[in-house]
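Here is the structure we will look at.
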Amino acid sequence: MRAVVLDANAALDWFIPSEVGDAYSQPLAVIAGETGTRFRVPLHFDIEVARILVNRHKRDPQQFSAKWLAEALHVLDILPIDSVAQGINFKLLGELSKAYNLAVPDVPYFHLARMMEIPIASRDRGIVSACKAWHVQHWQPLPA
């Protein structure tokens, strides 16, 4: 079984269409279904992703209907996603944010990938830069 840290932006791409997001994130859904890959996420992933989906629905219920929201949340519930507690306290979170040069909400994703020594799937520029600087594998879809 393979594991990949799943950043919230990559997961949101499955439900909020964008050309760049579709090209990057759709293959993630395929590998989960075909290879048994499991996604690892920090504990705040569900709150972060659900907040954005619910806010999209509230702001634009014509495009993001109640049915769309219910289906998105259901898909997230059945995906092979494992939440991982990291034990990061406030001091360490601040120190890692400075060391990795990342926004605070991105630190748990990147730190999880680094500590577990597994790739991270993210379109976040800061995380991509941190991957290069800290020699963490940044997941990339195979060329078509």
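Reckoned from all heavy atoms, side chains included, excluding hydrogens, waters and symmetry mates.
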Could you pull out the closest heavy-atom pair between [X] and [Y], with the gap in Å?
X	Y	value
Ala10	Ala121	CB-O, 3.8 Å
Pro105	Pro108	O-CD, 3.5 Å
Ser18	Gly21	OG-N, 2.9 Å
Asp46	Leu43	OD1-O, 3.0 Å

Is there a side-chain contact between [X] and [Y] in this structure, where contact means two heavy atoms from C-beta onward sitting under 4.5 Å apart?
X	Y	answer
Ile78	His74	yes
Ile16	Leu53	yes
Arg2	Pro119	yes
Tyr109	Asp124	no
Trp14	Leu28	yes
Phe39	Phe45	no
Val5	Ser122	no

Is there a path of hydrophobic side-chain contacts, each under 4.5 Å between heavy atoms, that joins [X] and [Y]?
X	Y	result
Val104	Leu112	yes
Phe110	Leu92	yes
Val49	Val54	yes
Trp134	Leu96	yes

Would you find a donor on one side and an acceptor on the other, under 3.5 Å apart, between the side chain of [X] and the backbone of [Y]?
X	Y	value
Ser129	Arg125	yes
Ser97	Leu102	yes
Gln86	Pro42	no

Distance check, rounded to the nearest 0.5 Å: [X] atom [atom1] versus [Y] atom [atom2]?
X	Y	atom1	atom2	result
Ile81	Arg38	CD1	CZ	9.0 Å
Ile127	Asp106	CD1	CG	4.0 Å
Gln62	Trp68	CD	CH2	14.0 Å
Leu12	Leu76	CG	CG	8.0 Å
Trp139	Leu6	CH2	CG	10.0 Å
Arg114	Ile120	CZ	CD1	12.5 Å

Salt bridge (Lys or Arg N to Asp or Glu O under 4.0 Å) partners for Arg123, two or more places apart: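 So Arg123 forms a salt bridge (Lys or Arg N to Asp or Glu O under 4.0 Å) with Asp13.
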
Exceeds 12 heavy-atom contacts within 6.0 angstrom, atom CD of Glu117: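 No, because the 6.0 Å sphere around CD of Glu117 holds 12 heavy atoms or fewer from other groups.
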
Neighbour count >12 (heavy atoms, 6.0 Å) for atom CG, Asn101: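 Counting neighbours around CG of Asn101, 12 or fewer heavy atoms of other residues, nucleotides or ligands fall under 6.0 Å, so no.
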
Contacts of type side-chain hydrogen bond (donor to acceptor under 3.5 Å, both in side chains), residue Tyr24, not counting sequence neighbours: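 Per chain and number, Tyr24 pairs via side-chain hydrogen bond (donor to acceptor under 3.5 Å, both in side chains) with His138.
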
Plane angle bin for His111 and Tyr100 - parallel if under 30°, tilted between 30 and 60°, otherwise perpendicular: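 Ring orientation, 0 to 90° scale: tilted.
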
